[in-house]
There are 2 protein chains.
Amino acid sequence: MITSFEAATDIIEFGPQLSLRGVRMHFARNAEIFGEGEEAEYVYRVVSGAVRTMRFTSDGRRQILGFHLPGDIFGVEIGDTHSLSAEAVSGCDVVLVRRSCVDKAVSENTGAARALLTLTSEHLSSARAHALVLGRKGAGERVAAFLLELAGRFVSKNELDLPMSRADIADYLGLTIETVSRAFSEFERECAIALPSSRHVVMRNPSALMHYEAA
Amino acid sequence: MITSFEAATDIIEFGPQLSLRGVRMHFARNAEIFGEGEEAEYVYRVVSGAVRTMRFTSDGRRQILGFHLPGDIFGVEIGDTHSLSAEAVSGCDVVLVRRSCVDKAVSENTGAARALLTLTSEHLSSARAHALVLGRKGAGERVAAFLLELAGRFVSKNELDLPMSRADIADYLGLTIETVSRAFSEFERECAIALPSSRHVVMRNPSALMHYEAA
DNA sequence: CGGGCGATTGATTGCCTTCAAACGTGGTGG
DNA sequence: CCACCACGTTTGAAGGCAATCAATCGCCCG
């Protein structure tokens with residue numbers, strides 16, 4: 001479901017002090033948006049669909065570092081190359097703004113600089129929350145935390161359409177597909193959630209989920 | 001060992017564009033420097049010793065998010081409260097600069113804003129590297145990565161004095177004390193390191209460690 | 001010399017992964 | 001329109017790795 005008012009503009013709003021016009025692009029499911037090590041030529045904002053950012057170990061294991069939903073900005077770098085890769089989870093529309101435009105705004109305007117600082121700080125905050133989950137939580141707790149995190153983004157809705165596969169969730173939570181699937185099944189068995197289809201989650205008892213989360 | 005030239009000044013240098021004078025304080029081993037949720041009144045820089053920043057799950061499990069060595073800045077927040085806690089790993093000297101001074105510099109000077117942005121971006125980068133380790137690496141790989149990370153900070157020295165206990169390392173790597181200890185023992189058995197004492201590590205064969213790290 | 005704390009080592013448990021198979025669903029071609 | 005195929009998901013069984021439980025060791029300080 002695309003919110004049309006968002007689709008109607010090609011602006012990236014970094015904050016009240018910094019809005020820049022960009023161009024819109026569409027990416028097919030699983031298409032690469034940028035790769036780790038590539039020159040960071042643009043900054044990105046999700047208009048519709050979902051994006052994953054990730055990094056790989058040398059032997060090919062994938063760690064998804066974040067999912068990005070409509071309104072989210074990603075691909076922001078200070079150095080001149082991307083420190084991670086980004087792919088479309090589903091078909092999605094993305095707005096691109098040239099790095100040079102962002103840099104120009106930042107160097108001319110402390111408000112712009114502050115907006116970018118706030119954004120980076122929020123990214124840091126979620127990366128730390130993620131590290132806590134990965135370092136100190138069991139499988140059920142991780143999946144519960146994931147569902148609650150996602151539910152918190154869909155304002156006052158107790159139903160979720162997951163854009164990502166079980167494999168994506170597993171690679172985000174540092175688990176395997178099977179373990180994620182088992183956690184979903186257990187939550188359903190305990191009536192914490194309902195699963196009309198594998199991608200559609202009904203939050204039947206969020207407080208039970210919070211109990212699983214135990215954090 | 002305290003590097004006296006650093007101890008000679010009470011300045012926090014955020015970057016070439018932003019240096020601020022502060023006051024020095026000493027903290028005893030395990031003393032709290034600030035707590036999660038407290039008002040973020042200062043920004044901190046390690047002069048000597050080591051500091052850990054951490055967060056807790058609701059049931060008391062601890063995740064150390066970073067170790068901070070001489071020269072490192074920590075406790076930087078955009079919101080008005082600390083999002084994590086900080087304690088002295090060893091007895092240490094720390095320089096404090098008032099948040100209001102930092103905010104003032106940032107709002108007056110885009111160079112200052114850029115320095116703070118660069119700093120936050122570096123913190124983000126290490127948080128992401130940490131998440132990759134926590135999410136997708138086994139016990140031996142984590143410990144090897146930790147040793148190499150620390151070794152990379154002590155320029156061209158192949159000997160390390162660990163300021164932190166096995167418990168600290170375990171809580172940083174999402175492991176237990178016993179597992180960390182076993183990894184050290186195995187590395188020693190394989191002649192990748194030597195352990196003249198439990199806190200003193202000699203890097204006997206860094207490339208063997210890199211092989212263990214497998215990333 | 002004794003006490004306490006951190007570290008190491010060993011034995012066992014338990015959770016998550018791995019391996020394996022079946023299920024369901026959506027898309028395609030006959 | 002239906003059969004079939006491919007892929008994602010679920011479920012089951014077995015194995016492995018790290019946690020837990022437990023005991024000993026070593027060291028620093030009193």
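Every heavy atom of this structure was used, including side-chain atoms; hydrogens, water molecules and symmetry mates were not. In the text below, chain A, chain B and the rest are named by the order of the sequence lines, each starting its count at 1.
Across dA18(D), dG6(C), dT10(D), the shortest atom-to-atom separation from the side chain of I177(A) is found for dT10(D). Checking dC16(C), dA7(C), dT9(D) against the side-chain heavy atoms of S181(A) singles out dT9(D) as nearest. Nearest nucleotide to the side chain of R199(B), out of dT8(C), dA7(C), dT10(D): dA7(C). The listed nucleotides are dT10(D), dT8(C), dA18(D); the one nearest the side chain of L195(A) is dT10(D). Picking from dC16(C), dT8(C), dT18(C) the nucleotide with the shortest atom distance to the side chain of T176(A) gives dT18(C). Across dA7(C), dG6(C), dA20(C), the shortest atom-to-atom separation from the side chain of S198(B) is found for dA7(C). Considering only the side chain of E178(A), dC19(C) comes nearest among dC19(C), dT10(D), dT9(D). Candidate nucleotides dA7(C), dT11(D), dT10(D) were compared by shortest atom distance to the side chain of R166(B), and dA7(C) ranks first.
When the side-chain nitrogen and oxygen atoms of T179(B) are compared with OP1 and OP2 of dA19(D), one or more of them lie within a distance under 4.0 Å.
Protein atom NZ of K137(B) is 18 Å distant from nucleotide atom C1' of dA18(D), rounded to whole Å. Atom C1' of nucleotide dT20(D) and atom CG of L175(B) are separated by 14 Å, given to the nearest angstrom. Atom OH of Y212(A) and atom P of dC15(C) are 14 Å apart (whole Å). If you take CD of E188(B) and C1' of dT9(C), they are 13 Å apart, rounded to a whole angstrom. Taking atom CD1 of residue I193(B) and atom C1' of nucleotide dA7(C), one finds them 14 Å apart after rounding to whole Å. The distance from atom CZ of F187(B) to atom P of dA7(C) is 17 Å, rounded to the nearest whole Å. We find that CZ of F184(B) is positioned 17 Å from C1' of dA18(D), with the value rounded to whole Å. A straight line from CZ of R182(A) to P of dT10(D) spans 11 Å, rounded to a whole angstrom.
Aromatic pair Y172(B)/H130(B): centroids less than 6.0 angstrom apart.
Among the protein residues, G140(B) comes within range of no part of the nucleic acid, since none of its heavy atoms lies under 4.0 Å from any strand.
A donor atom on one side chain and an acceptor atom on the other are not found under 3.5 Å apart for Q63(A) and T57(A). A side-chain donor from one of R98(B) and Y42(B) sits under 3.5 Å from a side-chain acceptor of the other.
Under the salt bridge (Lys or Arg N to Asp or Glu O under 4.0 Å) rule, D171(B) has a single partner from R52(B), R61(B), R62(B), R55(B), which is R62(B). Among R24(A), R45(A), R21(A), the one residue that satisfies the salt bridge (Lys or Arg N to Asp or Glu O under 4.0 Å) test with D10(A) is R24(A).
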